[in-house]
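Structure record follows, encoded as structure tokens.
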Amino acid sequence: MEYRPQEVEKKWSRRWAESRAYEVRPDSGKPKYYALDMFPYPSGSGLHVGHWRGYTISDVWSRYKTLQGYEVLHPMGWDAFGLPAENAAIKLGIHPAVSTARNVANFKRQLQEIGAMYDWSREINTSDPAFYKWTQFFFVKMFERGLAYRKKMPINWCPSCKTGLANEEVVDGCCERCGTEVTKRVMDQWMLKITAYADRLTDDLDKLDWPDKVKRMQRNWIGRSRGARIFFLVAGHADARIEVFTTRPDTLYGATYMVLAPEHPLVDQITTEAQRDAVDAYVKETLKKSAVARQVVDKTKTGVFTGAYAEHPLTGQQIPIWIADYVLMEYGTGAIMAVPAHDERDFEFAQAFGLPIVQVVAPETNGAGDSGQGRESGSGGFDGSVDASGWTTAVESGSAEAAAGTAAAVTGLYTGPGRLINSGPYDGLTVEEGKRAIVAALAERGIGEETVTYRMRDWVFARQRYWGEPIPIIYCDQCGTVPVPVEDLPVRLPDVERYEPTGTGESPLAAIDSFVHTTCPKCGGPARRETDTMPQWAGSSWYFLRYPDPHNDREPFSREAANEWLPVDMYIGGVEHAVLHLLYARFFTKVIHDLGMIDFDEPFQHLFNQGMMTLNGAKMSKSKGNVVNPDDIIATAGTDALRMYELFVGPPEEDAEWNDNGLEGVSRFLGRLYRFFDQHVEHPAPSRPELVKLRHRFVAQLTERMESFRLNTAVSAFMEYLNALQGVAGNGIDRESLETLAVTLAPFAPHLGEELWERLGHTESVFTAEWPSYDEQWLRDDEVEVAVQVNGRIRARLTISADATQESAIAAAKSNPDVAPWLEGKTVVKEIFVPGRLVNLVVRD
RNA sequence: GCCGGGGUGGCGGAAUCGGCAGACGCAGCAGACUUAAAAUCUGCCGGGGGUAUCCCCGUACGGGUUCGAGUCCCGUCCUCGGCACCA
């Protein structure tokens, strides 16, 4: 009988649906396993085979876990708020809810084609008021805890999307979504205080079973940096104190000038009249530059002297204060002490403006430096001499007029470890000792302290857009900013006539009087609603908590259900969410934990990022026109073949190039397997050791490849096994071998697995069966082939007893006729025996 | 610039504990079946030389460690990803 995948697949998908086979049975008494896909944004273009890859991997894994005896929660839903639906609405006038519903229906149909064991009774949709009610609930909770706050600040603004963006959404100075260059705009914005969780977000990465790459990206993003805050007084301004952040307090004696960010609030106050015009012009110029121009294009150092001097906190020396755009207002304190001898950027700046460079760290040469006279010029990276008298020149040359080249000290740049020099009482200390000693001294005098700074900023949690969760806040003239009471949630998204953001940067909701005008929940007086909506990342920051209890209308989820199923055991999705979604979801989880609603504080125990599917070397995308449509593949090769090919194509974590021929190979394999089964299933042979051995080895190899997630090689294990079975099929195949094949195949090709299982006479689903185990005793061989090397080169192969001793193996090797000529006239000086693998004879003339 | 991943046959990839490089599949070649083709089955399939079953070379490139290196170390080149004046 020929294998007709379409018939088999239709039959089983119908049966699964009729028997509601994949609805989770929370009372099954089995151990729980939560396998989750990153839920999709239901776009208009539908799924291509690249999307299939992650879903296939997670489904194979879910079914594997089912066979291992777990009660598996494998749900699916829709991240349904978002700009594309809204942009389509603007263009075509179709309500986003309508187009979203249509896209969801199409996505759902396509996802069902995968033959996955999704429990559709738990389907969720972030744009459903029954869901976003709880997204708003969490916002209110955050507001109550001071984690959501409103702030007037310059935010990233996308002129094309006409909306604010979080830092995470700005890539190379451009909007992550549309690529338009981002500008700054000062606006009142709702912010979430994710920085309050910066330490926990960094530290808790340690306990997660995630790819190092993603952990590294998150750590980078959070950018925790330990250092010191140091205060500098400004000469002649008793009330002005400049605070700097530095990771190198040990180099304090090498600070020869200071730099403020052009936007720094003290700039105006301390600038001297003589310098005012130059400073004003520079500040104006800087503000005009876009983020791109300032950060990416050109790193040539520019800056202007303010005319003011700061007092060195330890030496009392006066050092000039400059402004320059290489110092960013957003990071640290917006001001630095410049140590050109030991910081690359300061070095460039000092060179450009002829500022003095004073060496205060000398590289250490073997054991030297204890004397405190660390003057020996070590070789490594130290390309200049030390001018011990640098301090005098420091002050004198510190004017704006100082021409390049007049600075006295000609010294190099050195950023490595070493010992302190030119640092008064601290000479001779190592860099690390110096940091501690100098910070301690500053702290004692109240002019500095140890501190930690982060690169990460608070999260701009508002969009001036329509298609999102309304921020549940009411402004009352009497009571101020009041959250909408939980019992009044959800704040529903009203219908609007037009979806365009307003020219003023307000959301379209601002134009709807019936929405804006409301009464204050506190005093009952007239009040206005917030008209901004939440960013697309809001719903996805907690949706995984909803699946265990998706229909709960009294709370976002029951504590018991959440604690029972979460953390997610296996979370599968693309690496593009490494910082955005995954960081936000971790943050929300920690907040919800702190609210006392759950017992865990990390949402995803194990994360797996599948690689992209490429066609002609490029990521598949509808806009590029290089997509392979799964519907076409299914119509010819069938779902099971496509699933297997998605795995076979390459290591699951690596990108893979689509190849029709590869699919063909897998398709042929399934046909071969089916015919083989068909041939033997009616009249199985009695068992025999040969078959038992093959079976145990197959199960061992397959299980090992599953456990190490080498799913591409798991598929080849099937091919190897079938090849081996066909080699011995002349004497018939036993039932046990066929059963093993059917069960193990089922996670990969579930329809065929069920069909074969049924042909074996079973009336229950193959997924009620158990993943087979294997016995070590069948993995051992009585005899093994070992390679015989002479001086590391293979000269013969030898079959010996598996438990042969070193002596007997070497004796056998030496007497082998193929080996003997290589030993003739030589002396064997060393004999190596690796049991089961090889013998190596080392000879000399 | 900094951090990280990766360079293996004509192709996708195996070998991740330092121990027989090229599993498995694709493509190709030869053969069987067929009136013929498709499908299916069998054999060969890194390069060079002998062409007999043997020898030499070979995992980006150059060195090194080791009895033995795709695997470890140093350097170089290429490539992909992240961050990018983060003090």
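Naming: A, B, ... by sequence-line order, numbering from 1 per chain.
- Distance check on atom C1': B/A21 versus B/U34 gives 41 Å, rounded to whole Å.
- A salt bridge is defined here as a Lys NZ or Arg NE, NH1 or NH2 lying under 4.0 Å from an Asp or Glu carboxylate O, and A/Lys814 with A/Glu831 meets this definition.
- B/C41: Watson-Crick or G-U partner is B/G31, with both key distances under 3.5 Å.
- Across the strands present, B/C24 finds its partner in B/G12; the criterion is a Watson-Crick or G-U wobble pair with both atom distances under 3.5 angstrom.
- A straight line from CZ of A/Arg668 to C1' of B/A38 spans 12 Å, rounded to a whole angstrom.
- Comparing the C1' positions of B/A27 and B/G13 gives an interatomic distance of 14 Å, to the nearest angstrom.
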Considering only nitrogen or oxygen atoms on both sides, find all protein atoms under 3.5 Å from nucleotides 13-15 of chain B and state each distance.
residue	atom	partner	partner atom	Å
B/G13	O3'	A/Asn712	ND2	3.4
B/A14	OP1	A/Asn712	ND2	2.9
B/A15	OP1	A/Arg710	NE	3.2
B/A15	OP1	A/Arg710	NH2	3.1

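- Classified by interplanar angle (parallel below 30°, tilted 30° to 60°, perpendicular above 60°), the ring pair A/His577/A/His581 is perpendicular.
- With B/G25, B/G19, B/C83 as the choices, the nucleotide that has an atom nearest any side-chain atom of A/Trp221 turns out to be B/C83.
- B/G70 and B/G18 are spaced 11 Å apart, taking the C1' atom of each and rounding to whole Å.
- When the C1' atom is used for both B/C73 and B/G12, the distance is 31 Å, rounded to whole Å.
- Rounded to whole angstrom, the span from the CZ atom of A/Arg219 across to the P atom of B/G81 amounts to 23 Å.
- Looking at A/Asp343 and A/Arg248, no side-chain N of the basic residue comes within less than 4.0 Å of a carboxylate O on the acidic one, giving no salt bridge.
- Rounded to a whole angstrom, the distance from the P atom of B/A52 to that of B/C33 is 28 Å.
- Candidate nucleotides B/G81, B/A87, B/G19 were compared by shortest atom distance to the side chain of A/Arg837, and B/G19 ranks first.
- In this structure, the CG atom of A/Leu615 is 15 Å from the C1' atom of B/C11, given to the nearest Å.
- Atom CG in A/Asn723 sits roughly 9 Å away from atom P in B/U42 (whole-Å rounding).
- Between A/Phe608 and A/Trp210, the ring center distance fails the sub-6.0 Å criterion.
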Report, one pair per line, the protein and nucleotides 66-73 of chain B atoms (nitrogen or oxygen only) whose separation is under 3.5 Å.
residue	atom	partner	partner atom	Å
B/C67	OP1	A/Lys830	NZ	3.3
B/C67	O2'	A/Asn840	ND2	3.3
B/C67	O2	A/Asn840	ND2	2.5

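- Within the 6.0 Å centre-distance limit, the rings of A/Phe698 and A/Phe718 are counted as a close aromatic pair.
- Within a 6.0 Å radius of CD in A/Glu449, other residues, nucleotides and ligands contribute more than 12 heavy atoms.
- Other residues, nucleotides and ligands contribute more than 12 heavy atoms inside 6.0 Å of the CD atom of A/Glu707.
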Evaluation steps, side-chain hydrogen bond (donor to acceptor under 3.5 Å, both in side chains), between A/Thr286 and A/Asp325: CA-CA 7 Å; A/Thr286 302; A/Asp325 66 1; 4.7 Å; no
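- Nucleotide B/G1 is matched to B/C83 when pairs are restricted to Watson-Crick or G-U wobble geometry with both distances under 3.5 angstrom.
- In summary, the aromatic rings of A/Tyr645 and A/Trp52 are positioned with their centroids too far apart to meet the 6.0 Å limit.
- Distance, A/His577 NE2 to B/G82 P: 14 Å, rounded to whole Å.
- Rounded to an integer number of Å, the gap from CE of A/Met329 to P of B/A87 is 16 Å.
- Look at A/Arg455 and you'll find a side-chain N or O under 4.0 angstrom from OP1 or OP2 of B/A84.
- Counting non-hydrogen atoms of other residues, nucleotides and ligands closer than 6.0 Å to CD of A/Glu450 gives a total of 12 or fewer.
- With both ends at atom C1', the span from B/G22 to B/G46 equals 8 Å, rounded to whole Å.
- One P atom belongs to B/A84, the other to B/U65, and the distance between them is 43 Å to the nearest Å.
- Comparing A/Gly665 and A/Gly836 by the nucleotide of RNA chain B that holds the closest heavy atom to each, the one mapping nearer the 5' end is A/Gly836.
- Using a cutoff of 4.0 Å between basic side-chain nitrogens and carboxylate oxygens, A/Asp781 and A/Lys693 are scored as salt-bridged.
- Across all strands, A/Asp212 comes closer than 4.0 Å to no nucleic acid atom at all (heavy-atom distances).
- Nucleotide B/G9 is shown with a syn base, its glycosidic torsion being within 90° of 0.
- When ring centroids are compared, A/Phe349 and A/Tyr257 come within the 6.0 Å threshold.
- Listed candidates were B/U40, B/G19, B/G82. Nearest to the side chain of A/Met217 is B/G82.
- A salt bridge is absent between A/Arg53 and A/Glu646; no separation between the charged side-chain nitrogens and carboxylate oxygens falls under 4.0 Å.
- Counting to the nearest Å, the P atom of B/U40 and the CD atom of A/Gln726 are 12 Å from each other.
- On the P atoms, B/U8 is 14 Å away from B/U79, given to the nearest whole Å.
- In this structure, A/Ser225 reaches the B/A87 phosphate: one of its side-chain N or O atoms is under 4.0 Å from OP1 or OP2.
- B/U40 atom P lies 10 Å from atom CZ of A/Arg672, rounded to whole Å.
- Proximity of A/Asn220 to the phosphate of B/A84: no side-chain N or O atom is located under 4.0 Å from OP1 or OP2.
- Across all strands shown, B/G6 pairs with B/C78; the Watson-Crick or G-U wobble distances both stay below 3.5 Å.
- Minimum atom distance to the side chain of A/Met719 is reached by B/C24, of the listed B/C24, B/G19, B/G4.
- Using a 4.0 Å cut-off between charged side-chain N and carboxylate O, A/Glu432 and A/Lys435 make a salt bridge.
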Check: protein-nucleotides 49-57 of chain B nitrogen or oxygen pairs below 3.5 Å:
residue	atom	partner	partner atom	Å
B/C56	OP1	A/Arg795	NH2	3.3
B/C56	OP2	A/Arg795	NH1	3.2
B/C57	OP2	A/Arg793	NH1	3.4
B/C57	OP2	A/Arg793	NH2	2.2

